[in-house]
**Student:** 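Have a look at this one.
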Amino acid sequence: MSTLKTVRIVEAADLDDIATGGAILGTGGGGDPYVGKLMAKEAIRRHGPVRLVDVEGFDDDALIAPVCMMGAPTVMTEKLPQGEEIVVALRKLEKFIGRKVDGLLCGEAGGINSTTPFVAAAATGLPLIDGDGMGRAFPELQMTTFGMCGVSATPMALADDKGNCVVLETIDNRWTERLARSCTVDMGGSALLAFYPMDGAKAKQSTVRGTLSLCAALGKTLRQARARHDDPVEAIRAALSAEIIFNGRVRDVLRRTVGGFARGEADIEGLDAFKGHRLRLAFQNEFLIAERDGETLVTTPDMISLLEAETGAPVTADAMRYGVRVAALAFPCAAAWRTLKGLELVGPRYFGYDLDYRAFSPA
Amino acid sequence: MIRIGIDVGGTNTDAVVMDGTQVLAGVKAATTADVMTGVVEALAQALAAARLAPGAIDAVMIGTTHFTNAVVQRRDLAPTAAVRLGLPATASLPPMVDWPDDLKAAIGGHAYLAHGGHEFDGREISALDEQELLAIADDIRAKNIRAVAISSVFSPVNTECETRARDILKKALPDVHFTLSSDIGRIGLLERENAAIMNACLCDLAKLVVDAFRNALDAAGVKARFYLTQNDGTLMDAAYAENFPVLTFASGPTNSIRGAAFLSGVSDAIVVDIGGTTSDVGALHKGFPRPATVAVEVGGVRTNFRMPDVFSFGLGGGSLVVDGPKGVSVGPRSVGYKLVSEALVFGGQTLTTSDIVAAAGRAEIGDPGKVAGLDPDLIARAEARIAQMLEAGVERSRLSAEPLPVIVVGGGSILVKGAIGGLEVLKPNHFAVANAVGAAIAQVSGEIDRVYSLASMSRAEAIKDATDKATAIAVSAGARAGTIEVVDVEDVPLAYLPGNATRVHVKVVGDLDVA
């Protein structure tokens, strides 16, 4: 443990930048980080700051556990957590394994889950690894680089607001997703979980590194661009080496709830340089496919982030409304996803689109 | 159609008389402690200036920043209890968790968590507990709290817990005001609850103010229809406004931005409205206030109203100027409507921004002799501080480096000395009464919020049906058919209802038919 390298000490005030960056990496989904941010701030105020560390410093046989929140984004802004769930889940997992956890890991750096690990880290005093298992947000829990590297999502513990706690042991990660999803729906649409327990060696191999610092850096970039009156969209584009694939106004959003997920399509009408053009975004919580004038431009797992055109504030698929002016940014996903195994897990065909993945490279 | 637009600010009550698109007269009177006297005075002056009899008026539109000012200044707020139904869920973030400490203290910070609420799929989270609510009622009575805001998890899709809890509490607390969060906001518990608590703490003030308006119109002999303007620049009936003062929160800035656009003929600009107590800065984009797309804060509290993107800060013609060990401070406290009696230049004892401007020789108000003795160094430092505050406010609303003009309106415009942060400043005709003009040209809306079964019709048909119905409502409320625009369409599938039920919300607005 003495070899652990601190990346930074995270205080309550740092959560604002992290939550903003988390919303950008959320690519339209992952939930509004506001609630997670408030909870993390409360936890840090009560228990003290969080130590963000480099995964490299853990012993190969250390026990690492990722934590996250699971459920529908709308539910999370309405039915706020009871507060103890995440610690209950973590302790239950430790009890089941028969060993204390040495370090925490973020399951998903996009959306609300960019902030939830800070709640667990502050409450337990455990170090939090700077990285995650997606490099963005994805709707299902088998969609992690951990799973791709052969880590089982189970044993896994889910806890709800009422004090219920479920431990799952499954035959594969798809079954984990399926069973955890039914539990979450029964638990009222949101649950906190500790899952993918792994040793230090696997954590080093499978973590998408540096994503929590990236969140903090993106938040800071946006904040500073606004203060300087630089174009905030351009500042974020530059920070991510992304491409602005569209500027326009939301014309229509078609939503339906299928199997607990918000699925839909948004139709955006071009403005400025894109006048006369149309962008169609398909989403299942996250934006997955961008099609400009009928031509497929970006496909999952490459990233599509929607920013409010003037302020650069990230716009979630949930918050998209008629008339909102947006800029669409596209940029490549974590390299680990651009593999046969990765695309099997998170490529367009997995989400039911009759499309092959085409690697996006920003102009 | 002859109509009167009245703007009741913290310091001045302005009135304009308009005939169609012509401004016949614009006048200013001081806001009075009882509100009514100031409105009567403004009405009488306006009618006299336009040479009209009270009977000639077809409609009166009142815009007021009274309620926003009360929250910003943390005054005249009733001690309020926030009762949230949802235990054991939601305990991690109790009511008012993200409020500024001083505002929480101003209304007592009474937060109660109780059982109740619904899951997303319509199940109860836990049963409502009558005994628990009665114990809360006892505590509320013992603390002499006069207003209660009730919020419940998922109340926008099922209001039952909130209405039942109100019925139980009301029996025990018959004289207390109740606001239900489901009457005010959308999904998003904290934001909806925040709006409900603010509405509840304004209940006493709302009765007082709306009564004063009513009495003032009676006293002036005006028998016309009487409206208040709300957040989005549209009109609401006065009786409705009395129960929902929170809906007027952004009407001041909306009116001033729309009034500034109307008066200046400019369609892209930054608008600074300087009143007696606060300054509001907003952006005019293609003739309309730029709407906020992220959660809007009012007095430091996050809400989910649809409002123009406006930044308010405590600088006005009545702002207190205090020289202390850390330098000179300006605002946020203001003498408000007492400017004409408390400011030095009017013979009072309090140093205000208006005194500084008068002493600097930039405005002819009151008796300049009364401020002749002010320290020139203090005047210079106070002027520098005022310029700094204005520049910071404009900078915050300016989202590009593009040099837009700044339209300055409102009675406190005398505080502006030349350009602001290098940007050209415009003061249109009638600039001092732009808010009242904005109120007079307020639009009429029609709104539909209902559940459609998509088993028998398509989504497009449902939205078209809602749009047609909303349009009919707007037209019958006085909107001219050709001007009607859809400003909001939202459809939310309700997964747990049979028949593919979807909640459709459509809002349309149109210009009041002034032909």
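FYI, side chains are in, hydrogens and waters are out, and symmetry mates aren't considered; it's all heavy atoms of this structure. Chain letters run A, B, ... following the sequence lines, proteins first, then strands; residues in each count from 1.
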**Student:** Are Thr471(B) and Asp468(B) linked by a side-chain donor-acceptor pair shorter than 3.5 Å?
**Tutor:**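 Checked: Thr471(B)/Asp468(B) side chains show no N/O donor-acceptor pair below 3.5 Å.
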**Student:** Among Pro81(A), Gly83(A), Gly312(A), Gly189(A), who wins on heavy-atom pairs under 4.5 Å with chain B?
**Tutor:**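 Most heavy-atom pairs under 4.5 Å with chain B: Pro81(A).
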**Student:** Is it true that the side chains of His115(B) and Glu132(B) contain a donor and an acceptor less than 3.5 Å apart?
**Tutor:**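 Side chains of His115(B) and Glu132(B): pair found under 3.5 Å.
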**Student:** Residues two or more places apart in sequence or in another chain: which of them pass salt bridge (Lys or Arg N to Asp or Glu O under 4.0 Å) with Asp252(A)?
**Tutor:**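 Once residues adjacent in sequence are excluded, the partners of Asp252(A) under the salt bridge (Lys or Arg N to Asp or Glu O under 4.0 Å) criterion are Arg459(B).
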**Student:** Side chain from CB out, backbone as N, CA, C, O: work out which of these in Ser155(B) comes under 4.5 Å of a heavy atom of chain A, or both, or neither.
**Tutor:**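 Backbone only.
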**Student:** Which bit of Ile125(B) comes within less than 4.5 Å of chain A, counting heavy atoms only: side chain, backbone, both or neither?
**Tutor:**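 The answer is both parts of Ile125(B).
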**Student:** Which bit of Ser152(B) is near chain A, if near means a heavy-atom gap under 4.5 Å: side chain, backbone, both or neither?
**Tutor:**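 Contact with chain A: backbone only.
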**Student:** Under 4.5 Å from any heavy atom of chain A, what part of Glu191(B) do you find: side chain, backbone, both or neither?
**Tutor:**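 Just its side chain gets close to chain A.
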**Student:** If we define contacts as heavy-atom pairs under 4.5 Å, which of Val35(A), Asp161(A), Val75(A) has the most with chain B?
**Tutor:**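 The residue among Val35(A), Asp161(A), Val75(A) with the greatest pair count is Asp161(A).
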**Student:** Are any of the side-chain nitrogens in Lys41(A) or Asp16(A) under 4.0 Å away from the carboxylate oxygens of its partner?
**Tutor:**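 The answer is yes: the pair qualifies as a salt bridge.
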**Student:** Which residues pass the side chain to side chain contact (heavy atoms under 4.5 Å, CB included) test with Asp160(A), sequence neighbours left out?
**Tutor:**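 Residues passing side chain to side chain contact (heavy atoms under 4.5 Å, CB included) with Asp160(A): Lys162(A), Asn164(A), Met187(A).
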**Student:** Does atom CZ (Arg302(B)) have a neighbourhood of more than 12 heavy atoms from anything else shown, all under 6.0 Å?
**Tutor:**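 Atom CZ in Arg302(B) is packed in, count exceeds 12.
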**Student:** Counting heavy-atom pairs under 4.5 Å with chain B, which one of Glu78(A), Glu85(A), Gln82(A) comes out on top?
**Tutor:**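 Of the options given, most contacts go to Glu78(A).
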